[in-house]
Amino acid sequence: MLDIKFIRENIDLVRAKLKERGDAIDLDQFSTMDRKRRDILQEVETLRSDRNSVSKEIGARKQNGEDASDLIAKMGSVSSRIKELDEALKETERLLHGLTMTMPNIPHESVVRGTGDEDNPVVRKWGEKPQFDFEPKPHWDIGEELNILDFAAGAKIAGARFTVYRGAGARLERALINFMLDLHTMEHGYTEILTPFMVNSESMTSTGQLPKFEEDLFKIEGTDYYLIPTAEVPVTNIHRDEILDEKDLPVAYVAYSACFRAEAGSYGKDTRGLIRQHQFNKVEMVKFTRPEESYDELEKLTANAEEVLKRLGIHFRIVDLCTGDLGFSSAKTYDLEAWLPGQNAYREISSCSNFETFQARRANIRFRREENSKVEYVHTLNGSGLAIGRTVVAILENYQQKDGSVIVPEELRPYMNGVDRIVRNK
RNA sequence: GGAGAGAUGGCUGAGCGGCUGAAAGCGAUCGCCUGCUAAGCGAUUGUACGCCUCAAAAGGUGUACCGGGGGUUCGAAUCCCCCUCUCUCCGCCA
């Protein structure tokens, strides 16, 4: 959510910035509702002030055994007018709130203007594309031939976009989770968190999934529970409605979670393989920072995600999302795209964002500086470190051998019980 | 799932229709005192929104907030209803 005062005072700037994202937001309606709200508020507060003083007078008279029936009669009509105004105010605030909750964040000034992913500038690359003396296969073929990914079983027991992992495949998934958690906690200074995989609607609203993107979520029927689409939601909400100590900032958490996405609107896209699943695993990093340090922290967070791919020896590039490709809540996002030789393409494997105060305002997460008493909103950031399923994809495709086996990256072997190569077994 | 008890400021905890934005204690901040430390004394000590002054910082003023929502009343932390959460006991259960 944007600051309502900021919108009011910078309405043309906000209009222009949101237009760069390709969002058509009715700011005229915002101005009308905002004006109306303040008009009603002034009237009702004046009436309340009158009522408070007269009620005191009534109390005083009654104490002295005097008659107050004239004042009581007068206040009866004032009270009913207050009630009317309260209802109008509530309705106006409801509309205004609905409007501001569906407004996306304003892109940071460094974000380039563009309309889609083809406009995202490449910031840097690491490593090189591996060379093969055979035609590299896509991971779904490698996985099935090694009998470590069973797409048919996933479809049978659940449906499309679900997969069963077997043997070394299941072990590889688990190894990656532990490897990444160990790296981020022991070398990058994050505190490990394990949260519920379901949250209530209030949490989903704080991080920006609701009210606008309900169709992307799985909801548990008959309850207020939603399956989380990312650990960002529960982890960010840990500090909802709190005032953090400045000395604790920046707070840095890392959490493994399963993630659940309805993938509405992506029919026909990435239908094969592990790329786009209804359920996948992810290790997520979340930070709460002072405003002035959030962009430095974004660079560090992105570097922490990059380090995972470097240790695994997977070639990747980093793109800086343009205004048209930026997520709803984000002010700036770097995507890490891993090279997938089986598909001859770079694919997103991590997304690192600075939300500035957008989520903090929705979630009411603040801090107080030691030298003064004024509370301020923190900046929130998060990034995948990394998406586990897609990392399996990258390993299978980059480390595949001519004989169909897959070499295990050296850093991962301690987590694989020393196994250095995945081969087909019965 | 059944029965009961609770939810008040940074914390502990009073209040149970008007004198309460809220006693008291603790904590914190500032000042005084003190060779240092401790003790002591004094003052201050929430948030949000609106309006006014205003370049701003800041100040003034009003309203709201005692788990959340609704109701009764001239007036609600206080009475009534619904919900959520916490605790205790019973049942069930990985």
Side-chain angles (χ1 to χ4, degrees), chain A residues 1-10 30-101 194-206 210 220 222-226 234 237-249 251 258 291-292 357 360-378:
Chain A
M1 180 163 75
L2 303 175
D3 181 2
I4 199 160
K5 276 186 209 154
F6 181 84
I7 304 173
R8 187 187 299 150
E9 287 160 17
N10 302 278
F30 169 84
S31 298
T32 308
M33 288 296 133
D34 179 51
R35 186 67 258 166
K36 190 173 171 191
R37 170 178 168 269
R38 284 182 293 153
D39 289 344
I40 297 172
L41 202 57
Q42 278 182 55
E43 188 180 349
V44 77
E45 288 192 350
T46 306
L47 289 176
R48 256 195 249 275
S49 177
D50 289 350
R51 186 177 70 182
N52 285 346
S53 56
V54 173
S55 287
K56 251 177 204 162
E57 171 66 16
I58 291 169
R61 283 203 200 174
K62 291 207 162 177
Q63 293 264 306
N64 298 330
E66 293 168 25
D67 179 57
S69 52
D70 56 325
L71 294 179
I72 290 174
K74 198 171 129 202
M75 283 304 104
S77 65
V78 171
S79 279
S80 58
R81 177 68 183 150
I82 289 174
K83 204 169 202 175
E84 270 173 43
L85 289 170
D86 269 342
E87 269 160 38
L89 184 64
K90 205 176 285 176
E91 178 60 12
T92 308
E93 287 184 334
R94 198 183 62 75
L95 289 170
L96 197 59
H97 190 248
L99 217 55
T100 53
M101 292 305 271
L194 183 62
T195 71
F197 294 173
M198 293 181 217
V199 298
N200 55 34
S201 55
E202 203 178 340
S203 294
M204 286 292 187
T205 304
S206 292
L210 291 179
I220 309 296
T223 72
D224 187 42
Y225 297 138
Y226 292 83
N237 275 280
I238 287 172
H239 293 302
R240 170 148 50 88
D241 293 318
E242 288 184 8
I243 296 174
L244 303 175
D245 280 340
E246 188 187 19
K247 62 179 189 302
D248 296 334
L249 299 180
V251 172
E292 64 272 20
T357 60
R361 189 170 275 114
R362 287 174 167 242
N364 197 29
I365 306 171
R366 297 172 293 175
F367 78 105
R368 201 189 299 275
R369 290 185 196 275
E370 276 169 18
E371 62 269 25
N372 68 41
S373 61
K374 195 84 185 133
V375 290
E376 294 174 54
Y377 289 110
V378 298

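Worth knowing before you read on, the calculation uses all heavy atoms, side chains too, and leaves out hydrogens, waters and symmetry mates. Here is the naming used below: chain letters follow the sequence lines, and residue numbers restart at 1 for every chain.
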Counting primed atoms, P, OP1 and OP2 as sugar-phosphate and everything else as base, the B/S/- map of nucleotides 53-62 of chain B against protein heavy atoms under 4.0 Å is ---------B
*Indicate, with a heavy-atom threshold strictly under 4.0 Å, whether K74(A) touches base, sugar-phosphate, or nothing.*
nothing
Whichever of D34(A) and G76(A) has the more 5' nearest nucleotide on RNA chain B, that residue is D34(A)
Each nucleotide N or O in nucleotides 28-30 of chain B that has a protein N or O under 3.5 Å away: list the pair and distance.
none

Taking NZ, NE, NH1 and NH2 as the nitrogens, is one of them in E91(A) or R94(A) under 4.0 Å from a carboxylate oxygen of the other? yes
So what does R361(A) hit on the nucleic acid, given a heavy-atom distance under 4.0 Å: a base, only sugar-phosphate, or nothing? nothing
Do D224(A) and N200(A) have side-chain N/O donor and acceptor atoms under 3.5 Å apart?
no
(request) May I ask you to say what R366(A) touches in the nucleic acid, namely base, sugar-phosphate or nothing, with a heavy-atom cut-off under 4.0 Å? (result) sugar-phosphate
Inset, instruction - Determine: side-chain N/O of R368(A) to OP1/OP2 of rU47(B), distance under 4.0 Å, yes or no. - result: yes
Closest to the side chain of K62(A), out of rG18(B), rG50(B), rG75(B), is rG18(B)
Which of rG50(B), rC19(B), rC74(B) is nearest the side chain of R37(A)? It is rG50(B)
### Query
When you check the phosphate oxygens OP1 and OP2 of rC49(B), does a side-chain N or O of R38(A) lie under 4.0 Å from one of them?
no
Residue pairs meeting salt bridge (charged side-chain N to carboxylate O under 4.0 Å, His left out), one or both in residues 49-58 of chain A, sequence neighbours left out, come to E57(A)-R61(A)
| field | OP1 or OP2 of rA48(B) under 4.0 Å from side-chain N/O of K5(A) | value | no
Note to self: With rounding to the closest Å, how many angstrom separate the P atoms on rG13(B) and rC26(B)?
What the structure shows: 15 Å
Discussion item. Strictly below 4.0 Å, N to O, side chains only: are D245(A) and K247(A) in salt-bridge contact?
Written reply: yes
Note to self: Between E45(A) and Q42(A), is there a side-chain heavy-atom distance shorter than 4.5 Å?
What the structure shows: no
Return no unless some side-chain N or O of K83(A) is found under 4.0 Å from OP1 or OP2 of rU72(B). yes
